[in-house]
Participant: 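Sharing a structure, written as structure tokens. Questions coming.
A note on names: the letters A, B, ... follow the listed sequences, proteins ahead of strands, and every chain is numbered from 1.
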Amino acid sequence: MYQTLANRLCEALTRHIGERYGVTLEIALERPPKLELGELASPVCFELAKRLKRAPRQIAQEIAANLGHVEGVARIEVAGAGYLNTHFDRGAFWASVQEEAKHGAAPEKKEKVIVEHTSINPNKAAHIGHLRNAVLGDSMARVLRHMGERVQVQNYIDNTGVQVADAVIGFLRVQKLSLDQVQKLAAQPKFDYLCWDVYADTTEVLEKDQEKAAEWRAETLRAIEEGQGVAAKMAAVIANAVVSLHLKTMARLGIYYDLLVRESEILHLKFWDAAFVELKESGAIQYATSGKNAGCWIMPWSQGTGNGEENGEEAEAQAKIIVRSNGTVTYVGKDIAYQLWKFGLLGKDFHYAKWPDAPAQRPLWATTSGANDPEAPHFGEAAATVYNVIDSRQAYLQDVVAQGLRALGRTREAERSIHLSYDIVALTPRCARELGYELSAEEAKKAYVQVSGRKGLGVKADDLLDRLEAATLAEVKQRHLEMPEAEQQRTAHEIAVGALRFFLLKFTRTAIIAFDFKDALSFEGETGPYCQYAVVRIRGIRRKGAEAASANPGVSQTFAANILSGAEGEGLWESVLLSGSLDHAIEAAIGAQEPAFVAKYAFQLAQVFNLFYHKHRILSEENPEKRAFLLRLTELVEAQLLRALSLLGIEAPEKM
RNA sequence: GCGCCCGUAGCUCAGUUGGAUAGAGCGUCUGCCUUCUAAGCAGAGGGUCGGGAGUUCGAAUCUCCCCGGGCGCGCCA
């Protein structure tokens, strides 16, 4: 509702200023520092003063007197050197928010949006860094869905890459296991953990003998690409098993996908060939006949000054190789093909089959080069916008992909290829030590240590969840002896997920998270459980107040308006206002592609509620109309807080 | 060398397009459970917003320079 009013005011001011002063300008709106100054303010008169060469306060007074009625606004006052302070009509706001809170997500739009996230190499267990990616992508998808976007969630599976090849080398060459043996291992519940260790050991072996490594890798990669032989079969066994385990891990956090896009199909269905033709014909890539890139297809690239005419050597050094001189395509090339397909620009589509080993909650499909299941949704439909959740280290490559689209004349699609970039999750030195990692003197001094799949250093997602669930279960048992075991488990799980997801979402995307068990296992202060606890308190009130509620009179808008404007109204009004500001938080979150804004909102709302909770005794309030009002207010806070938490993928238990 | 990100309280971080007295959590100290759940609340203390110059009526926010940290720039992915 807050956003609605902001939009209304913005419109009214734009029109009024245009008509009266013949000036068009951006209307800046902000939240005043104190509630006495109103709910919405504009410093626009300062800008106007400059243009009109008049005193800002004088202009502000004119506007305040002549703007006329804006729906939902009680009055506009001039303050300070010339601020226009808007005071809401509290009764009307109360009524509108009640109405608004009843509605769910916005009606679905026609355009399709793709969010690609998770995309973990299927050769080892998922770790905390992967969780940040998945939680960010999942929350973004939830927020977009709430706004009526038709979101399709994709998870890219690089099942033919070097990482899987290294795992194959590990099992086949280093461990000297047969396909049969690996197949048996792959059926075990913690096969991804085994892969974690095997992969770490293997990289160590390969690093010691680079020559052998190059030979083995080339051989294995070729076998995988051609789909021939034991190595190829083993790669499929490993990748499929690990993907299913990743899906299971993510399901624990309430994260699901619509489609698994596998690199093997991009290869077998010749997606690259189609993209290659396009890129060649449009001149987006060129064949280098001389210099260091001779024999390669390259994309010209000018980073930095962009002065156009750089010298040849520099241009050559900066050009991005798309096809190697041996004719094989690079990772970026494949990514361009994939991106073209997402926008429906490739003129090709995958075949689809149900993924056999999917969590039950949502149907899951995967690309296949086998027969196409006619039941499959139309995944090939062009997306209007594509969000790629990828860590910030790959920003350059994402730029190359967008540049590829632009070179093909697809500027619109390039603009709508959104790299949802985020920084890494590292470990505090203490945490790394806790995991049994030996720090060098240099590492010990730093603020954080990078996780490394190759070194096997990192916090495995399932381990972390296990620890969180154990910790929350202990707390729940202590507090709720009476609770049946199953409910204790469920409650502990919800709190654990709330703690973890909130922990990963409370940081903005550019912050490097230095992970520490102490912080992640914290349930107090700015955490998920704090927010959940506010909901639980409300539910307690509602349970006890259920019979009283039915006997309560309705709350008239006049009563609400009076109490909200009265002497003790400020605190209550703060709760109402913030409850009605969810739309504003969501708008900001989408604008900045920053789910952290929603997390911040949820925390603030919980905080304001707790304040209100301690000030007012609700059920023992003697005035029946006031009691009814306080009850309605708690329900309103509950609805909005639950909505905000659900956008973060967090549920609130009944008791905790 | 070039490009991107970061530097705000002891620690970890917010601060959307420049706006009013720079905020929160943790930690420290002091209080509050016979009351709707204390995973909570109240209070105290804590700041040259890395440094400097500039633009502006107004700068944590924009520009430039410098300092410190991270990442990227491969016929790897």
Participant: Provide, to the nearest angstrom, the distance between the CD1 atom belonging to A:Ile390 and the C1' atom belonging to B:C4.
Facilitator: 16 Å

Participant: Looking at every strand, decide which applies to A:Lys334 at a 4.0 Å heavy-atom threshold: base, sugar-phosphate, or nothing.
Facilitator: nothing

Participant: Considering only B:A20, B:C73, B:G70, which nucleotide approaches the side chain of A:Tyr396 most closely?
Facilitator: B:C73

Participant: Return the nucleotide paired to B:C41: Watson-Crick means purine N1 to pyrimidine N3 with N6-O4 or O6-N4, wobble means G-U with N1-O2 and O6-N3, both under 3.5 Å.
Facilitator: B:G31

Participant: Is there a donor on the side chain of A:Ser325 or the base of B:C75 sitting less than 3.5 Å from an acceptor on the other?
Facilitator: yes

Participant: Please compare A:Ala294 and A:Lys655 by the position of their nearest nucleotide in RNA chain B and report the one closer to 5'.
Facilitator: A:Lys655

Participant: Take a 6.0 Å sphere around CD of A:Glu651 and say whether it holds more than 12 heavy atoms from other residues, nucleotides or ligands.
Facilitator: no

Participant: Using a cut-off of 4.0 Å on non-hydrogen atoms, how would the nucleic acid contact of A:Ala585 be classed: base, sugar-phosphate, or nothing?
Facilitator: nothing

Participant: Please tell me if A:Arg31 has a side-chain N or O lying less than 4.0 Å from either OP1 or OP2 of B:G19.
Facilitator: no

Participant: Tell me whether the side-chain N or O atoms of A:Asp335 pair up with the base of B:A77 as donor and acceptor below 3.5 Å, since no angle test is needed here.
Facilitator: no

Participant: By nearest atom, which of the nucleotides B:A77, B:C13, B:G70 is closest to the A:Thr508 side chain?
Facilitator: B:C13

Participant: Using a cut-off of 4.0 Å on non-hydrogen atoms, how would the nucleic acid contact of A:Asp391 be classed: base, sugar-phosphate, or nothing?
Facilitator: nothing

Participant: May I ask you to say what A:Asp158 touches in the nucleic acid, namely base, sugar-phosphate or nothing, with a heavy-atom cut-off under 4.0 Å?
Facilitator: sugar-phosphate

Participant: Would you indicate what A:Ala588 reaches in the nucleic acid, counting non-hydrogen atoms under 4.0 angstrom: base, sugar-phosphate, or nothing?
Facilitator: nothing

Participant: Within the stacking criterion (centroid distance below 5.5 Å, interplanar angle below 30°), does A:Tyr83 stack on B:A20?
Facilitator: yes

Participant: Rounded to the nearest 0.5 Å, what separation is found between the CG atom of A:Asp158 and the NZ atom of A:Lys334?
Facilitator: 6.5 Å

Participant: What's A:Ala534 touching, base or sugar-phosphate or nothing? Going by heavy atoms closer than 4.0 Å.
Facilitator: nothing

Participant: With syn defined as a glycosidic torsion within 90 degrees of 0 and anti otherwise, which applies to B:C33?
Facilitator: syn

Participant: Answer yes or no: is there an ion pair linking A:Glu487 with A:Lys655, defined by an N-O contact shorter than 4.0 Å?
Facilitator: no

Participant: Expressed as a whole number of angstroms, how long is the span from A:Asp423:CG to B:A14:P?
Facilitator: 11 Å

Participant: For A:Asp166 and A:Tyr199, does a side-chain donor sit closer than 3.5 Å to a side-chain acceptor?
Facilitator: no

Participant: Under 4.0 Å between any heavy atoms, over every strand shown, what does A:Gly540 touch: base, sugar-phosphate, or nothing? Just pick one.
Facilitator: sugar-phosphate

Participant: Find the distance A:Asp519:CG to B:A39:P and express it as a whole number of Å.
Facilitator: 20 Å

Participant: B:C71 pairs with which nucleotide, Watson-Crick or G-U wobble, both distances below 3.5 Å?
Facilitator: B:G3

Participant: Describe the nucleic acid contact of A:Leu29 in one word from base, sugar-phosphate, nothing, applying a heavy-atom distance below 4.0 Å.
Facilitator: base

Participant: Mark up nucleotides 40-47 of chain B, 5' to 3', with B wherever a protein heavy atom is under 4.0 angstrom from a base atom, S wherever such an atom reaches only the sugar-phosphate, and - elsewhere.
Facilitator: SSS-----

Participant: Where the side chain of A:Lys446 is concerned, which of B:U16, B:A39, B:G70 is the nearest nucleotide?
Facilitator: B:G70

Participant: Could you measure between the two C1' atoms, the one in B:G10 and the one in B:G70, and give it in whole Å?
Facilitator: 23 Å

Participant: Of all the choices, B:C71, B:U16, B:A20, which nucleotide is nearest to the side chain of A:Pro32 once you look at every atom?
Facilitator: B:A20

Participant: Atom CD of A:Gln604 and atom P of B:G15: how far apart are they, to the nearest Å?
Facilitator: 11 Å

Participant: Can you tell me, in whole Å, how much space there is between the C1' of B:G25 and that of B:A53?
Facilitator: 36 Å

Participant: Under a plain distance cut-off of 3.5 Å, with no hydrogens placed, do A:Asn159 and A:Ser264 share a side-chain donor-acceptor pair?
Facilitator: yes

Participant: Restricting to pairs with a member in residues 23-36 of chain A, which pass salt bridge (charged side-chain N to carboxylate O under 4.0 Å, His left out), not counting sequence neighbours?
Facilitator: none

Participant: Sticking with atom C1', work out how far B:U30 lies from B:G45, rounded to a whole angstrom.
Facilitator: 11 Å

Participant: Return no unless some side-chain N or O of A:Lys50 is found under 4.0 Å from OP1 or OP2 of B:C57.
Facilitator: no

Participant: Expressed as a whole number of angstroms, how long is the span from A:Lys506:NZ to B:G15:P?
Facilitator: 14 Å

Participant: Check whether the side chains of A:Gln3 and A:Asn7 place a donor and an acceptor atom closer than 3.5 Å, and report yes or no.
Facilitator: yes

Participant: How far does the C1' atom of B:G18 sit from the matching atom of B:U55, given to the nearest Å?
Facilitator: 11 Å

Participant: Which of these nucleotides, B:U16, B:A20, B:A39, is closest to any side-chain atom of A:Leu37?
Facilitator: B:A20

Participant: As a test of reading the structure: which of B:A39, B:G70, B:C6 is closest to the side chain of A:Val476, going by heavy atoms?
Facilitator: B:A39

Participant: Please state the C1' separation for the pair B:U28 and B:C71 - nearest whole angstrom.
Facilitator: 36 Å

Participant: With salt bridge (charged side-chain N to carboxylate O under 4.0 Å, His left out) as the test, would you mind laying out the steps for A:Glu635 and A:Arg632 before giving the verdict?
Facilitator: CA-CA 5 Å; A:Glu635 284 166 7; A:Arg632 293 289 301 127; 2.7 Å; yes

Participant: Report the nucleotide, chosen from B:G19, B:U21, B:U12, that has the shortest atom-to-atom distance to any side-chain atom of A:Pro43.
Facilitator: B:G19

Participant: Does a side chain donor of either A:Asn388 or A:Tyr156 reach within less than 3.5 Å of an acceptor in the other side chain?
Facilitator: no

Participant: Rounded to whole angstrom, note down the P distance from B:C2 over to B:C13.
Facilitator: 29 Å

Participant: Whether A:Arg509 contacts B:C6 is assessed here as follows: a side-chain N or O lying under 4.0 Å from the phosphate OP1 or OP2. Is that the case?
Facilitator: no

Participant: Once you apply a heavy-atom cut-off of 4.0 Å, does A:Val162 come out as touching a base, just sugar-phosphate, or nothing?
Facilitator: sugar-phosphate

Participant: Which value, in whole Å, describes the distance between the C1' atoms of nucleotides B:G51 and B:U8?
Facilitator: 14 Å

Participant: Would you call the rings of A:Phe507 and A:Phe503 parallel, tilted or perpendicular if under 30° counts as parallel and over 60° as perpendicular?
Facilitator: perpendicular

Participant: Can you check the distance between B:A24 and B:C66, where both ends of the measurement are the P atom (answer in whole Å)?
Facilitator: 37 Å

Participant: Measure the distance from CD1 on A:Ile513 to C1' on B:C71 and round it to the nearest whole Å.
Facilitator: 16 Å

Participant: Starting from P on B:C36, measure out to CD on A:Glu621 and report it in whole angstrom.
Facilitator: 16 Å

Participant: How many Å lie between CZ on A:Phe46 and P on B:G58, as a whole number?
Facilitator: 12 Å

Participant: If you check every side-chain atom of A:Glu526, which of B:A24, B:A77, B:C36 has the closest atom?
Facilitator: B:A24

Participant: Does a nitrogen or oxygen in the side chain of A:Arg479 sit under 4.0 Å from OP1 or OP2 of B:A39?
Facilitator: yes

Participant: For B:C64, which nucleotide is its Watson-Crick or G-U wobble mate, given both distances must be under 3.5 Å?
Facilitator: B:G52

Participant: Under a 3.5 Å threshold, yes or no: a donor from one side chain and an acceptor from the other, between A:Thr508 and A:Glu594?
Facilitator: no

Participant: Should A:Lys518 and A:Asp516 count as an ion pair when the cut-off is N to O under 4.0 Å?
Facilitator: no

Participant: Please determine whether a side-chain nitrogen or oxygen atom of A:Gln450 lies at a distance below 4.0 Å from atom OP1 or OP2 of B:G70.
Facilitator: no

Participant: Heavy atoms only, 4.0 Å cut-off, all strands: where does A:Leu397 land among base, sugar-phosphate and nothing?
Facilitator: base

Participant: So what does A:His616 hit on the nucleic acid, given a heavy-atom distance under 4.0 Å: a base, only sugar-phosphate, or nothing?
Facilitator: base

